[in-house]
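Reviewing the structure listed below.
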Amino acid sequence: MWTHNAGNEAELAAIEAIVDAFNESQEEYTVKVQAFPQDSYNQSVVAAASSKSLPCILDIDGPNVPNWAWAGYLAPLEGIEDLVADYLPSTVGTYEDQIYSYGYYDVALTMVSRESYLNDNGIRIPTVEQPWTVDEFNAALETLKATGQFEYPADFATSFTGEWWPYAYSPLLQSFGGDLINRDDYRSADGVLNGPEAIEWATWFRSLVTNGYIPLKSGADPAADFINGKSAILYNGTWTATATRDAFDDVVFLPSIDAGNGPKIGGGSWQWGMSATCEDQEGALAYLKFAAADEWVAKVAGDTQNIPTTESAAAEVEGYGPDGENNIFRTYSEEFALVRPPTPGYPFIATTFQTAAQDILNGADPQQTLDQAVADIDANQESNNYFE
Amino acid sequence: MTEVIAHVADRTAPAPLEHEAGRTRPPVLRRVVGMAVRIVAALVFGLPLLFMVISSFKPDTQIFADLGGIQAFLPVGALSLDNYTGVFERVPFATFLFNSILISVLTVGLGIIVNSMAAFALARLRFRGQKLALGIILATLIVPFEVMALPLLWEVNLLPNVDSLGFYQGWLDTYQVQIVPFIANAFSIFLFYQYFDSIPKELDEAATVDGAGWFRIYRSIVMPLAGPAVATVAILMFLPAWNQYLWPLMVTQSEAVRPVMVGIDYFKQLNVSWGQIMAYASIITVPILILFIAFQRSFVNSIASSGVKG
């Protein structure tokens, strides 16, 4: 079994506990864990796939599942449907109506701020039922900027690279009414990535920089900058909760903005699947079925402080009970999560969107930039025969 | 800076007398400017290293709080060894260090033998296609490793291997897969070739008259004279071997054979541990720096005398 958790002690220990329990529960199969560092995990997997040396069981970042399934790296998990029926939809990886992976947890995007910043400046604290509109959000940023306390009142973590861009910023596009690709048939991005709604998103996104609301490029660690008082609102993931709570007793985790189509956040985190080249698929499947139990969902999600995928496991995890301080994150996932387009073309769509969004933030013409992104994505879809 | 200038000015006071005596010294202004340029260059190259070491003793939030000013380079605030403790808890550092040393030393040792032999054949022996062979070897210098990585991966995955359980196919997740592909090195062959070519051929002839064969000439005559070339090749092979990152990522699967450079990725989780990254980077960089500083004169001399100049 391969996992991306080298250096992530809490999650690795939880996974090893499951493996130990499985190995002790029967004598037919033995699972052995090999841990890789997350930052380079995908490269290791792709290299292994190209040399046909993938392990039987491996974890996969959610949005990559359709591509890896289409590329023949993964095999469908037969007979797992009932075991993952209660999972959050964003934590089950599917392709062509078959389940290829499942994850123990999800993470959520949130606007991190402090009650004192908002209350002192007369800014309404948004709720799940009544999130900030774009106008409200802009007004809040203008108010915070006017205090002179912050050079940039918000930090959107624009210094992050790679998957962060589509994960964090495409939900904002979707809230405006656009999308990365037309989800009716996953063939073309025309009309959704370059339509009027997308242009509206792009114009607003750029205005955050031109109005001085966010830095064009954030610091290397936006959460540390927030803790050091450099920004008042941090657009980031739930993984910042522990550090920001330790720093402030009035920290609040607010829902993302509603730009007309409800708040949207990215869905899908790390999930477990089985390689197509596994010589003992029965054994791999036996492990994956064993490991899908609520007990293990609670173990992994609890130890990593992430959002448990099932409600029953959530009840077992500290902070995720009905009145738990983290339960709001699960609500965000349930209410707002939208999986990144489950198409094998996603990796190309993701890098194209990242380039376009960076260009827009740097001042490129929105229509021209998004038209080009659509042309590139459509050409890739076509050249791969729409991944059919 | 004023003190430095004054100090320099004091030392240059007797310059006219020396000039009159026929010894040339650059004018004061030129020396001051030269010194200033050197100080700026030293700061440009030295401050990032200083920042790395100093930050390795600070908590993450303080690293970023100090970024705006000179404090970033000063050992101030809540200094501790926590980052170093964290590094040793998070990464099997001793294993990684041992692996890197083993891989680097064997790559360099075997590389010196193989590449010098190849260069000896090209420089001293006479055979048909000699120049063409040298040309082909040199041409491989322009092919970046990234281009060859995938075909190389497929190749090593087909090679026969043996362990305690018997024979099997594939070299992945072994030491040899990190060593063998890097032993033969076109640049090292070229350096040896250049150096061997400058050693008088008469020595070979004299040795041949005395009954020596080619291997004896290589071992007892040419190699003992090639000290600077050996030292240069050793340095130029050691650094990339120590810094290997992409290849180990592709071919290592267990921590038992993973080298130190890949270890830095262990700290890049969703919450990046900057202090631990700085501590880890210090641990893997500072020993090499100390080694270089200690042998600086020998390194520079060997590189200068083997004809490799920047």
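A, B, ... follow the sequence lines: proteins, then strands. Residue 1 opens every chain.
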Name the region of Trp164(A), side chain, backbone, both or neither, that has any atom closer than 4.5 Å to a heavy atom of chain B. neither
Closest contact, heavy atoms only, Trp274(B) versus Ala220(A): CZ2-O, 3.8 Å
Tell me if the OH atom of Tyr168(B) is crowded by more than 12 foreign heavy atoms within 6.0 Å. yes
Rounded at 0.5 Å granularity, tell me how far CG in Asp225(A) sits from CG in Leu67(B). 8.0 Å
So, taking the atom named CZ in Phe36(A) and the one named OG1 in Thr252(B), what distance separates them when rounded to the nearest 0.5 Å? 6.5 Å
Counting only heavy atoms not in Glu318(A) (residues, nucleotides, ligands), do more than 12 fall under 6.0 Å from its CD? no
Strictly distance-based, threshold 3.5 Å: is any side-chain N or O of Asn228(A) a donor or acceptor partner for the main-chain N or O of Thr61(B)? yes
Which portion of Val156(B) sits near chain A, non-hydrogen atoms under 4.5 angstrom: neither
Where Phe64(B) and Ala224(A) come nearest, the two heavy atoms and their spacing: CD1-CB, 3.7 Å
Among Ala35(A), Ala247(A), Gly229(A), Pro55(A), which has the most heavy-atom pairs under 4.5 Å with chain B? Ala35(A)
Is the shortest heavy-atom distance from the side chain of Leu246(B) to the side chain of Gln43(A) under 4.5 Å? yes
Decide side chain to side chain contact (heavy atoms under 4.5 Å, CB included) for Val46(A) and Met250(B); before the verdict, give the C-alpha distance in whole Å, the side-chain angles of both, and the deciding distance to 0.1 Å. CA-CA 9 Å; Val46(A) 172; Met250(B) 295 170 70; over 6 Å; no
With a 4.5 angstrom heavy-atom cut-off, could you sort out which part of Ile264(B) is near chain A: side chain, backbone, both or neither? neither
Cut-off 4.5 Å, heavy atoms of chain B, and the answer for Ala6(A) is both
For chain A, the option from Arg258(B), Arg90(B), Gln253(B) that forms the most heavy-atom pairs under 4.5 Å: Gln253(B)
Which atoms of Phe267(B) are under 4.5 Å from chain A, going by heavy atoms: the side chain, the backbone, both sets, or neither? neither
Interatomic distance, Tyr266(B) atom OH to Asp39(A) atom CG [nearest 0.5 angstrom]: 12.5 Å
Contacting region of Leu172(B) [heavy-atom separation from chain A under 4.5 Å]: side chain
Atom CD1 of Ile142(B) with >12 non-hydrogen neighbours under 6.0 angstrom: no
Closer than 3.5 angstrom, by distance alone: can the side chain of Asn157(B) be matched with the main-chain N or O of Ser51(A) as a donor-acceptor pair? yes
Should Ser40(A) and Tyr245(B) count as side-chain neighbours, where that means a heavy-atom distance under 4.5 Å? yes
CD (Glu279(A)) with more than 12 external heavy atoms under 6.0 Å: no
